[in-house]
Amino acid sequence: MINLTNHSIEEKWQKKWAESQLFESNPDKREKIFLTVAYPYPSGAMHIGHGRTYTVPDVYARFKRMQGYNVLFPMGWHVTGAPVIGIAKRIARKDQWTLDIYKNVHKVREEELSKFTDPEYIVKYFSSEYHEVMQHLGYSIDWRREFRTTDLHYQKFIEWQFRQLKSKGFVGKGEHPVKYCPGCENPVGDHDLLDGEGVGINELTLVKFEINSDYFVAATFRPETLFGATNLWINPEEEYIKVHINNENWIISKKAYNNIVHQKKDIKVIDEVNALEMIGKYVKNPVTGEEHIILPASFVDPEYASGVVYSVPAHAPADYIALNDLKKDEKLLEKHDLKEKVLEIQPINVVTLKGFGKFPAEEIIEKFGVKNQKDDKLKDATNELYKLEHAKGIMSEHIKDYKDLSVQKARDEIIADLLESGKGDLMHDFTERPVICRCGTKAVVKILEDQWFLKYSNEQWKELAMDCLGQENIVPPEVRANFEYYIDWLDDWACSRRIGLGTKLPWDKQWLIEPLSDSTIYMAYYAIAKYMKDIDPADLNDSFFDDVYLDEGKYSGGIGGELFDSIKNEFNYWYPLNWRLSAKDLVGNHLSFHIFHHSAIFPQKKWPKGIVVFGMGLLEGNKMSSSKGNVILLEDAIKTHGADVVRLFLMASAEPWQDFDWRENEVKGIKRRLEWFSEFAGRIEEIKDSSLSLKSFKLGKIKKPVNKWLLSQVNMRIKDATEALEGFQTRKALQEALFLFKKDIDHYFYRIEHENEAREEISNTLIYVLSNWTRLMAPFTPHTCEEMWSKIDGEGFVSSAPWPEYDPDLIDEKVQKAEEIVQGLASDINEIKKIIDTQPEKIHIYIAPDWKWDVFKIAKEIGRPDIGQIMGISIKQNLHDDKKEIAEFAKKIAREVTKTKYVGKIDEYSIIKDSLDFISHEVRAEVIVYEEPTYDPQNKSRNAMPYKPAIYIE
RNA sequence: GCAGGGAUGGUCGAGCGGUCAAAGGCGCUAGGUUGAGGGCCUAGUGGGGUAGUCCCUUCGCGGGUUCGAAUCCCGUUCCCUGCACCA
């Protein structure tokens with residue numbers, strides 16, 4: 001047995017692999033496979049969740065290598081991006097929470113932690129840690145190609161990539177809303193927030209209601225309801241102001257100005273407005289031309305949007321109830337002298353909604369039991385109605401320009417119309433509040449101007465991307481629909497950033513290239529990365545990349561011709577990429593970008609060939625999360641369980657695209673299974689009574705059914721495991737190659753326990769099994785398998801041994817069925833024994849006569865439980881004299897036959913005869929099998945059926 | 001709301017027209033092995049019945065197609081994931 005937590009064995013093989021340069025892949029005559037997995041963003045320690053991500057490609061790479069392919073599996077470090085900047089700042093600020101996480105979860109030593117005020121240091125620290133852990137796990141990575149995305153060479157590559165995209169017209173300039181902290185004067189990401197994580201940004205429509213050549217500007221999510229407006233709402237307890245913008249004066253709340261000022265150019269405050277005085281005045285509806293009164297409402301949030309709302313009591317529960325509240329509020333009405341004007345306001349229907357009357361707002365308020373405008377249930381009622389009308393609403397008959405349109409469609413058209421006619425505008429606000437920066441300042445939505453975009457909205461580009469996707473293999477196939485959806489849906493993507501590490505936009509150096517955009521075609525960089533250490537970045541001009549990657553133009557620069565040629569050859573050998581592996585949640589951006597960028601830059605023959613998508617990791621049923629401390633570090637897991645156990649568990653507990661759950665208990669189970677496997681050779685030696693060697697081993701002729709059975713099983717497992725691995729189904733492959741296989745072998749050992757003859761045939765069978773099994777397991781547990789392989793004199797490394805190929809001639813359904821018959825017979829006898837509750841001395845077994853086999857075959861060919869037809873054909877063929885018996889039998893098997901797998905006639909007599917020792921032992925009695933029922937006092941033999949011999953116990 | 005995926009026995013999870021009372025793991029029960037324990041091996045793990053290989057109920061819920069459905073179709077309820085500037 002191999003001690004799995006004896007790390008010297010792991011180290012020994014890792015060292016030998018490195019010394020023999022086994023995984024350093026160079027172009028040669030063989031067929032190649034190039035696979036990459038998303039390079040990590042090393043802002044923390046590597047935990048078991050990451051472990052699965054990187055073990056899958058390693059297993060596949062090892063598998064393909066054994067199949068004879070030239071496999072390239074490289075690794076790099078994605079250190080561009082903003083998060084580490086925030087982390088470094090927080091460490092510098094001695095933020096306790098951050099310090100705790102890094103000390104206790106990421107297990108960074110005190111003296112190292114003090115250097116973490118430098119973001120570059122953080123990524124360097126963790127990328128070397130990742131590197132080490134990956135080596136400890138025995139990954140078959142070609143480390144000569146390792147790089148960081150801040151390397152000067154890489155930056156040259158990215159600059160080229162972006163100039164390419166720009167020259168093709170796929171990069172454009174525009175504006176874009178972001179979360180922004182006025183205090184820090186910087187855009188903020190989720191990790192920079194104290195509160196408001198995951199909050200989105202909504203677009204609202206601004207509608208201009210004229211009053212004395214100025215405009216009250218109301219914000220709405222539902223501009224299609226403008227036709228049902230009855231009045232305007234403002235909050236009389238808040239301050240309102242007049243601002244000047246685009247030669248217009250807008251009236252909005254003072255607090256709203258603090259947001260809008262970040263979104264509109266050339267906007268300035270020109271006057272204060274007395275809100276109370278405005279109450280009772282009239283504004284003009286820009287689409288209907290009607291006059292609406294301005295009324296007071298406490299529900300109007302002065303901080304949200306513009307602080308002005310127009311009222312649609314027919315469809316907005318808040319408006320409806322605020323109007324009712326006001327109608328009842330004698331004091332307030334009196335105060336503003338509004339009584340008559342308010343009482344005459346009636347809701348106006350705009351949207352027709354099946355199942356509702358003219359005023360759905362009224363109905364939904366009753367349904368939810370909302371009491372007044374301060375009731376919490378108001379929000380639920382509003383959401384409910386909003387959803388219903390959005391999904392199923394139709395514009396009513398009397399809305400002349402938009403009638404019969406769906407609400408969704410009408411809304412889009414109205415927004416476009418308002419913008420075009422200058423009667424409306426757009427603004428943004430958060431979906432939820434509050435959103436607070438870690439510095440304590442309230443964040444706002446800011447429109448960044450001069451922002452650069454990747455124009456994923458470009459139709460030609462989308463088409464290219466679709467074409468590229470169309471020729472790729474997607475694993476699992478269900479996510480293809482996802483890709484199609486996202487490629488269609490993706491809009492322009494802001495690809496420039498103000499803060500973070502990364503490459504500067506080559507033509508506009510104030511911007512950094514955003515990290516999801518500088519990691520889309522870097523697989524092409526791996527192909528050339530191993531040459532970079534001897535190359536001056538200055539020699540990597542655009543002509544270099546044009547020539548190497550696109551075979552366009554001619555390189556002019558300092559790199560020598562011979563060297564240049566091998567770089568170019570190397571790329572053309574490895575590209576296109578065969579497999580790209582990444583996480584499920586990146587389908588909508590990173591992986592789609594990968595497709596977009598390849599299709600834009602590379603000719604079709606260099607387009608990627610396949611994508612594999614990963615699920616998430618759970619820890620004892622809970623989501624793994626470094627920030628919550630709910631992780632196990634890989635390094636720790638390796639120390640306690642051993643590298644192979646960790647690998648095995650990660651591969652066996654779920655398919656790559658499913659979520660896996662790290663349960664300590666099950667990990668221990670896996671460990672025992674692997675120990676069992678590593679003991680296997682020892683058990684064979686015990687049986688053989690001498691040491692094993694694969695040198696000069698030959699299987700020889702196998703005669704015994706049980707040995708044939710095992711050979712059949714082995715070959716079936718090889719076949720199934722290989723097919724599973726071809727499709728990245730590591731779990732299924734291991735079910736076959738380890739768990740079910742182990743059951744076969746348990747069964748086999750149990751079966752031959754009382755076998756004293758044919759020891760040589762048995763040990764030969766077992767050595768055959770061992771040789772195949774060790775190779776079958778090698779991609780999963782390479783250290784254990786190398787150790788076993790060397791102990792049995794396998795040739796070279798098992799890592800480069802030929803992958804076992806199944807022998808179709810050895811997979812024999814009849815042999816498998818025969819074993820089933822023996823098993824079934826023993827358990828049937830035991831069942832009957834239990835029922836009659838005696839300890840018999842003799843058991844007689846009768847097999848089905850030939851005519852029953854014939855009838856059975858006929859029944860099988862008919863395929864349906866049609867007794868008449870079975871009998872008809874059987875009688876016509878004159879299979880048996882006694883028609884009554886045929887009838888009886890036909891009736892019995894009619895239904896049975898649809899449930900039984902028919903593999904042809906089996907010589908049951910010799911099968912059972914060969915297994916008499918085993919059956920006798922199982923049933924603890926003497927067993928006699930008859931070819932003909934020469935002794936059958938109770939006429940039990942008539943019960944015999946194909947695959948089900950009859951039994952008589954006495 | 002939009003898109004995608006899912007609901008299987010105590011639990012995790014295969015199966016995706018007949019070989020399905022439904023693989024395998026874990027858990028539980030019994031037996032064997034062991035100095036005890038662990039481990040390992042064997043058997044059982046929805047209910048009932050019988051000299052037998054059978055019957056009944058079950059794969060979210062309700063219908064349907066079929067000689068036959070966990071598997072196909074329709075409806076319905078519930079759950080998970082993503083929806084962007086975050087790697």
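Here is the naming used below: chain letters follow the sequence lines, and residue numbers restart at 1 for every chain.
- Checking B:C41, B:A84, B:C85 against the side-chain heavy atoms of A:L490 singles out B:A84 as nearest.
- Comparing B:U29 with B:A22, their P atoms are spaced 23 Å from each other, to the whole Å.
- Two residues, A:R497 and A:E478, neighbour RNA chain B, and the one matched to the more 5' nucleotide by heavy-atom proximity is A:E478.
- The base of B:G82 has none of its N or O atoms less than 3.5 Å from a complementary donor or acceptor on the side chain of A:D585.
- Pair check for B:U45 finds B:G27; Watson-Crick or G-U wobble, both atom distances under 3.5 Å.
- A cation-pi arrangement is not found for A:R52 relative to A:F660, the charged atom failing to lie both closer than 6.0 Å to the ring centre and inside a 45° cone about the ring normal.
- Pairing of B:U53, defined by two Watson-Crick or G-U wobble distances under 3.5 Å, is not identified with any nucleotide.
- Across the strands present, B:G62 finds its partner in B:C74; the criterion is a Watson-Crick or G-U wobble pair with both atom distances under 3.5 angstrom.
- At a threshold of 4.0 angstrom between heavy atoms, the contacts of A:H78 are confined to the sugar-phosphate backbone, with no base atom among them.
- For the pair A:Y456 and A:T80, nearest-nucleotide mapping onto RNA chain B gives the more 5' position to A:Y456.
- Ring geometry for A:Y456 versus A:H597: interplanar angle of 30 to 60°, hence tilted.
- Going from the P atom of B:C72 to that of B:G18 covers 11 Å, rounded to whole Å.
- With B:C41, B:A87, B:G52 as the choices, the nucleotide that has an atom nearest any side-chain atom of A:P83 turns out to be B:A87.
- In this structure, A:R498 satisfies the cation-pi test against A:W511, with its NZ or CZ atom closer than 6.0 Å to the six-membered ring centre and inside 45 degrees of the ring normal.
- At whole-Å resolution of the value, CG in A:L619 and P in B:C12 are 17 Å apart.
- Of the P atoms belonging to B:U71 and B:C86, the separation is 45 Å, rounded to the nearest Å.
- Rounded to an integer number of Å, the gap from A:I447 CD1 to B:C85 P is 13 Å.
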- Item | Candidate pair A:T503 and A:D518, rule side chain to side chain donor-acceptor pair (under 3.5 Å), full reasoning | CA-CA 8 Å; A:T503 306; A:D518 81 350; 4.9 Å; no
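- Considering only heavy atoms from C-beta on, A:Y947 stays 4.5 Å or farther from A:E820 through its side chain.
- Ranking B:C83, B:C85, B:A3 by closeness to the A:N482 side chain, first place goes to B:A3.
- Taking the P atom of each, B:A69 and B:C56 are spaced 13 Å apart, rounded to whole Å.
- Side chain of A:D746, nearest nucleotide from B:C41, B:C86, B:C85: B:C41.
- Between B:C85 and A:K446, no contact under 4.0 Å exists linking OP1 or OP2 to a side-chain N or O.
- Among the atoms of the strands shown, base atoms are found under 4.0 Å from some heavy atom of A:N589.
- Among the protein residues, A:A38 comes within range of no part of the nucleic acid, since none of its heavy atoms lies under 4.0 Å from any strand.
- Picking from B:A84, B:A87, B:G52 the nucleotide with the shortest atom distance to the side chain of A:D491 gives B:A84.
- The distance between atom CD1 of A:I752 and atom C1' of B:C41, rounded to the nearest whole Å, is 14 Å.
- The side chain of A:Y750 sits closest to B:C41 out of B:A87, B:C41, B:A84.
- Rounded to whole Å, atom P of B:C85 lies 13 Å from atom OH of A:Y486.
- Side-chain atoms of A:F483 and A:I611, non-hydrogen and from C-beta on, do get closer than 4.5 Å to each other.
- Among the heavy atoms of the strands, none lies under 4.0 Å from A:I670.
- Residues A:E514 and A:W493 bring a donor and an acceptor atom of their side chains to less than 3.5 Å of each other.
- When the P atom is used for both B:G44 and B:U76, the distance is 44 Å, rounded to whole Å.
- Rounded to an integer number of Å, the gap from A:K584 NZ to B:G6 C1' is 10 Å.
- No side-chain N or O of A:D585 forms a donor-acceptor pair with one of A:H590 less than 3.5 Å apart.
- The C1' atoms of B:U8 and B:U53 are separated by 27 Å, rounded to the nearest whole Å.
- Relative to the side chain of A:Y485, the nucleotides B:A51, B:C2, B:C41 differ in distance, and B:C2 lies closest.
- B:G60 sits 8 Å from B:U77 when the C1' atoms are compared, rounded to a whole Å.
- Summarising the base pairing, B:U33 is matched to B:G39 through a Watson-Crick or G-U wobble pair whose two defining distances lie under 3.5 Å.
- No engagement by A:K817 is indicated, since no non-hydrogen atom pair under 4.0 Å with the nucleic acid exists.
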Under 3.5 Å between N/O atoms: give me all the protein pairs with nucleotides 24-26 of chain B, atom names plus distance.
{"unit_1": "B:G25", "atom_1": "N2", "unit_2": "A:E666", "atom_2": "OE2", "d": "3.4"}

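- No hydrogens or angles considered: a donor-acceptor pair under 3.5 Å links the side chains of A:Q713 and A:Q816.
- With salt bridges taken as basic N to acidic carboxylate O contacts below 4.0 Å, none links A:R731 and A:E655.
- For B:U81, the paired base is B:A3 (Watson-Crick or G-U wobble, both distances below 3.5 Å).
- When the C1' atom is used for both B:G6 and B:A70, the distance is 14 Å, rounded to whole Å.
- In this structure, B:G68 makes no Watson-Crick or G-U wobble pair, since no nucleotide meets both defining distances under 3.5 angstrom.
- A:W676 comes within 4.0 angstrom of sugar-phosphate atoms only, judged by non-hydrogen atoms across all strands, and of no base.
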